[in-house]
Amino acid sequence: MAWLVEAAGKVIGRLATPETVIRASAALFRKEGYRRIYGHVREVSIHFWQNFAFKLKENGARYAFSGQGFVEMVDKIDPSYTARSLSEDPSLLIRPDGAWHKRAPHEVSAARQPMHQVSML
């Protein structure tokens, strides 16, 4: 996400402010099971991102790009209790992103017997 400080509080199109989009993105990241959000932030917008619980990354680098100063920032988040886990059935983990609640084509085809048996080493 790239936001200018000047855009804060303004409506994007007819539906959302940058703040709304940031909150919705964080909610999606929680649902997906992420534990950290990482971003490069213009130095002039550090305070804006701190309003969303972002903190300067410990030992983070400051750098310049296109005449602007940037810093690394992170937000630690708790994943949703419905987030996927590596302890789940592998066929669930490879469902298309955003459609984990729907059976995927690979699950339907898994019901067919394999054409060739492969021995496991």
Side-chain angles (χ1 to χ4, degrees):
M1 286 183 287
W3 300 111
L4 295 175
V5 174
E6 297 82 21
K10 294 183 181 175
V11 174
I12 304 167
R14 294 180 301 167
L15 302 176
T17 63
E19 293 87 348
T20 304
V21 174
I22 292 165
R23 286 189 182 94
S25 298
L28 174 64
F29 299 151
R30 284 185 186 91
K31 185 177 177 182
E32 296 283 331
Y34 289 96
R35 297 178 186 278
R36 280 181 288 187
I37 304 171
Y38 168 83
H40 296 190
V41 175
R42 281 181 38 195
E43 287 179 322
V44 297
S45 64
I46 290 172
H47 180 70
F48 173 80
W49 288 98
Q50 286 173 330
N51 290 328
F52 298 96
F54 280 79
K55 295 179 177 30
L56 290 171
K57 182 178 176 274
E58 189 175 323
N59 299 320
R62 293 185 182 272
Y63 64 96
F65 178 75
S66 293
Q68 299 290 321
F70 286 84
V71 295
E72 296 175 289
M73 294 189 82
V74 293
D75 183 14
K76 292 182 181 176
I77 57 174
D78 293 322
S80 165
Y81 70 93
T82 61
R84 293 294 176 208
S85 160
L86 291 178
S87 63
E88 292 187 63
D89 181 338
S91 65
L92 295 176
L93 296 175
I94 62 172
R95 284 180 175 174
D97 197 29
W100 284 351
H101 60 288
K102 297 179 186 175
R103 278 180 57 106
H106 71 273
E107 293 173 274
V108 175
S109 68
R112 295 192 308 257
Q113 292 297 318
M115 295 175 69
H116 306 285
Q117 293 292 341
V118 177
S119 63
M120 300 298 283
L121 300 176

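Atom CG of Asp89 has more than 12 neighbouring heavy atoms from other residues, nucleotides or ligands inside a 6.0 Å radius. The neighbour count for Lys57 NZ, taken as heavy atoms of other residues, nucleotides or ligands under 6.0 Å away, is above 12.
The cluster map of Ile, Leu, Val, Met, Phe, Trp and Tyr, joined by side-chain heavy atoms under 4.5 Å apart, puts Val44 and Phe70 in different clusters. Linking Ile, Leu, Val, Met, Phe, Trp and Tyr whenever their side-chain heavy atoms come within less than 4.5 Å leaves Leu28 and Ile37 in two separate clusters. Linking ILVMFWY residues whenever their side-chain heavy atoms come closer than 4.5 Å, directly or via other members, leaves Leu56 and Tyr63 in distinct clusters. Cluster membership for Ile22 and Phe29, using ILVMFWY side-chain heavy atoms within less than 4.5 angstrom, is shared. Hydrophobic clustering (ILVMFWY, side-chain heavy atoms < 4.5 Å, transitive): Val71 and Val74 are in distinct clusters.
Between the side chain of Arg62 and the main chain of Gly69, no donor-acceptor pair closer than 3.5 Å is present.
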* To do: Begin from the C-alpha positions of Val41 and Gln50 and carry the test side-chain contact (heavy atoms from CB on, under 4.5 Å) through to its verdict.
  => CA-CA 11 Å; Val41 175; Gln50 286 173 330; over 6 Å; no

* Check against side-chain contact (heavy atoms from CB on, under 4.5 Å), Arg95 and His106 -> CA-CA 8 Å; Arg95 284 180 175 174; His106 71 273; 4.2 Å; yes

* Assess whether side-chain contact (heavy atoms from CB on, under 4.5 Å) is satisfied between Lys76 and Lys55, documenting all intermediate values. => CA-CA 9 Å; Lys76 292 182 181 176; Lys55 295 179 177 30; over 6 Å; no

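By the 4.0 Å N-to-carboxylate-O rule, Glu88 lies close enough to Arg84 to be salt-bridged with it.
Note that the CZ atom of Phe48 and the CD atom of Glu19 stand 4.5 Å from one another [nearest 0.5 Å].
Contact record, Tyr38 with His40: OH-NE2, 2.8 Å, taken as the closest heavy-atom pair.
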